[in-house]
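Shown next, in structure tokens, is the structure this report addresses.
Quick caveat: nothing in here was measured; it's all calculated off a predicted structure.
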Amino acid sequence: FIIMVVSFVFSSAIYFNVDSELARFEESQKVVLEQQLVNEAKSRLIVNLAYLNLAILICAGAAGYFLAGRTLRPIKRMIDDQTMFIGDASHELKTPLTALRSEIEIYLRSKKHTIKESDEILKSNLEEVERLQRLAEGLMELTSYGKMNGRLTFQETSLKEVLKSALKNITSLSKEKNITIVNRAREIALLADSQTLTGLFTILLDNAIKYSPRNTKITLTSDVQERMGVIHVRDQGIGIPQKEVDKVFNRFYRVDKSRSTSAASGYGLGLSIAKEIVTLHKGTISVKSSKRGSIFSVEIPLSYKCFFLFL
Ligand code: ADP
């Protein structure tokens with residue numbers, strides 16, 4: 001519309017200018033131009049200007065359509081993503097809520113209950129409530145990382161300290177399954193937010209324990225490649241089928257739910273939170289897996305000091 005207004009103003013200016021130039025020519029040359037010829041020239045000018053305006057309208061319309069489409073595409077993607085997120089979250093919320101409701105309804109329908117029955121129902125209800133609580137916490141964590149860009153404090157962070165805190169978080173879980181954790185990671189100074197990075201390794205170690213049989217081993221190693229510190233978490237667990245490997249970082253994705261024991265059952269949010277954290281650190285996360293176990297590899301940029309040391 002703006003382009004058309006500008007084009008119309010220019011066309012009118014050209015027309016009136018030509019008109020006034022013809023009048024000036026007549027006056028200065030002291031000649032009288034034949035009116036019919038002048039009118040014909042003016043109509044030709046009007047037709048040409050109309051064609052020019054039409055061409056500009058078509059070009060501006062096409063360019064506007066194309067550019068608006070390009071501008072709106074990321075917004076559309078974001079809206080689609082959010083709609084999908086709400087749909088997935090509602091679906092996940094519905095399952096424990098339905099179980100909770102039907103258990104309470106069945107309980108209320110029968111008149112006589114023994115104390116043992118009541119205890120069992122309450123215990124099962126509590127389990128569902130705990131699942132709901134875990135889901136709510138996971139969702140809040142995931143959305144908070146999405147909004148966090150710019151609010152993290154990236155500074156020189158000791159990998160050893162980060163791993164020490166993460167290992168502390170999962171000690172009781174590893175002891176429960178008698179899983180040995182071998183920490184062979186060497187010290188690297190990373191450019192990171194230490195608390196968030198601890199969260200990332202807690203997720204990876206927690207998964208390694210959840211998806212490993214009793215009496216196995218988890219090994220932590222580290223390396224430096226170009227400007228990145230690379231940390232590997234290797235387990236001797238059930239592994240991830242090759243065709244599922246790329247999908248495990250998707251929100252709410254769980255490899256074959258029947259593989260998870262009730263203790264291990266999650267909502268498929270852990271690895272998407274891990275990916276969010278790694279992206280905030282401008283790093284990468286990947287996984288290699290076989291039937292003998294999985295290796296999750298995380299790349300995090302080195303702190304400047306460490307980077308110059310390795311140059
Ligand atoms: P969950 O809460 O279900 O563990 P995650 O996002 O952490 O969700 O993991 C997604 C899926 O990836 C899990 O359901 C599991 O099947 C698979 N997975 C993650 N880590 C491992 C691992 N170390 N070994 C085998 N499978 C794993």
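- Without hydrogens or angle criteria, Thr157 side chain to Ala192 main chain gives a donor-acceptor distance under 3.5 Å.
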Does the pair Tyr107 and Ser118 meet the rule for a side chain to side chain contact (heavy atoms under 4.5 Å, CB included), with working shown? CA-CA 8 Å; Tyr107 178 80; Ser118 307; 3.0 Å; yes
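- Other residues, nucleotides and ligands place no more than 12 heavy atoms under 6.0 Å from the CD1 atom of Ile3.
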Report, one line per pair, each donor and acceptor closer than 3.5 Å where one atom sits in a side chain of residues 56-77; sequence neighbours left out.
from: Thr71; atom 1: OG1; to: Leu67; atom 2: O; distance (Å): 2.7
from: Lys76; atom 1: NZ; to: Asp80; atom 2: OD2; distance (Å): 3.1

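- The side-chain heavy atoms of Ile300 and Leu197, taken from C-beta on, include a pair separated by under 4.5 Å.
- At a threshold of 4.0 Å, the pair Arg101-Glu105 counts as salt-bridged, since one of the basic side-chain nitrogens sits closer than that to a carboxylate oxygen.
- Pairing each heavy atom of Thr171 with each of Ser174, the nearest pair is O-OG, 2.8 Å.
- Atom CG of Leu37 is surrounded by more than 12 heavy atoms from other residues, nucleotides or ligands within 6.0 Å.
- Checking Glu187 against Ser158 by side-chain atom types alone, a donor-acceptor pair falls below 3.5 Å.
- Nearest heavy-atom pair, Ser102 versus Ala99, reported as atom, atom and distance to 0.1 Å: OG-O, 3.2 Å.
- With a 6.0 Å radius and a threshold of 12 heavy atoms from other residues, nucleotides or ligands, Lys177 has its NZ atom above the threshold.
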When you look at Val233 and Ile295, which way does the side chain to side chain contact (heavy atoms under 4.5 Å, CB included) test go after all the steps? CA-CA 5 Å; Val233 181; Ile295 307 172; over 6 Å; no
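- Taking 4.5 Å as the limit, every side-chain heavy atom of Ile179 sits out of range of all side-chain heavy atoms of Lys217.
- The shortest distance between side-chain heavy atoms of Asp81 and Arg251 falls below 4.5 Å.
- No side-chain donor-acceptor contact under 3.5 Å links Ser212 to the backbone of Ile209.
- Pro301 is not listed as a side-chain neighbour of Arg227, based on a closest heavy-atom distance of 4.5 Å or more.
- The closest donor-acceptor contact from the side chain of Asn169 to the backbone of Thr202 lies at 3.5 Å or more, if one exists at all.
- Thr198 places no side-chain N or O within 3.5 Å of a backbone atom of Thr196 that could act as its donor or acceptor partner.
- Residues Asp19 and Lys42 are paired through a salt bridge, judged by an N-O separation under 4.0 Å between the basic side chain and the carboxylate.
- Judged purely by atom type and a 3.5 angstrom limit, His232 has no side-chain atom pairing as donor or acceptor with the backbone of Ser222.
- In this structure, Glu156 contributes its side chain and Ser303 its backbone to no donor-acceptor pair below 3.5 Å.
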If you apply the rule side chain to side chain contact (heavy atoms under 4.5 Å, CB included), what do you find for Leu142 with Met140, and how did you get there? CA-CA 5 Å; Leu142 188 63; Met140 272 167 68; over 6 Å; no
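- The neighbour count for Lys164 NZ, taken as heavy atoms of other residues, nucleotides or ligands under 6.0 Å away, does not exceed 12.
- Side chains of Ile218 and Val182 form no contact here, defined as non-hydrogen atoms less than 4.5 Å apart.
- In this structure, the separation between CG on Leu191 and CG on Leu302 is 9.0 Å, given to the nearest 0.5 Å.
- In this structure, the side chain of Ser11 engages the main chain of Ser7 through a donor-acceptor pair within 3.5 Å.
- Using a 4.5 Å heavy-atom cutoff, the side chains of Val129 and Arg131 are not in contact.
- In this structure, the separation between OG on Ser28 and CD on Glu21 is 9.0 Å, given to the nearest 0.5 Å.
- The aromatic ring centroids of Phe252 and His91 lie 6.0 Å or more from each other.
- Using a 4.0 Å cut-off between charged side-chain N and carboxylate O, Lys282 and Glu299 make no salt bridge.
- Between the side chain of Asn178 and the backbone N or O of Arg214 there is no donor-acceptor pair closer than 3.5 Å.
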Passes side-chain hydrogen bond (donor to acceptor under 3.5 Å, both in side chains), Glu161 versus Ser194? Steps please. CA-CA 9 Å; Glu161 287 303 314; Ser194 68; over 6 Å; no
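- The shortest side-chain heavy-atom distance between Leu139 and Glu141 does not fall under the 4.5 Å cut-off.
- Arg134 CZ to Leu269 CG: the interatomic distance, rounded to the nearest 0.5 Å, is 11.0 Å.
- Across Val245 and Val248, no two heavy atoms sit closer than the pair O-CG2, 3.2 Å.
- In this structure a side-chain-to-backbone donor-acceptor pair under 3.5 Å is missing from Arg234 to Thr221.
- Rounding to the nearest 0.5 Å gives a distance of 9.5 Å between CG of Leu220 and CG of Leu204.
- Contact detail for Pro213 and Thr216: the closest heavy-atom pair is O-OG1, 2.8 Å.
- A distance of 7.5 Å separates CG of Asn53 from CZ of Phe8, quoted to the nearest 0.5 Å.
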Starting from the C-alpha separation in whole Å, work towards a yes-or-no answer on side chain to side chain contact (heavy atoms under 4.5 Å, CB included) for Tyr253 and Leu271. CA-CA 9 Å; Tyr253 194 83; Leu271 287 181; over 6 Å; no
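- Looking at heavy atoms from C-beta onward, Leu135 lies in side-chain contact with Leu93 at the 4.5 angstrom threshold.
- Interatomic distance, Leu152 CG to Tyr145 OH, rounded to the nearest 0.5 Å: 8.0 Å.
- Not a single donor-acceptor pair under 3.5 Å links the side chain of Glu26 to the backbone N or O of Ala23.
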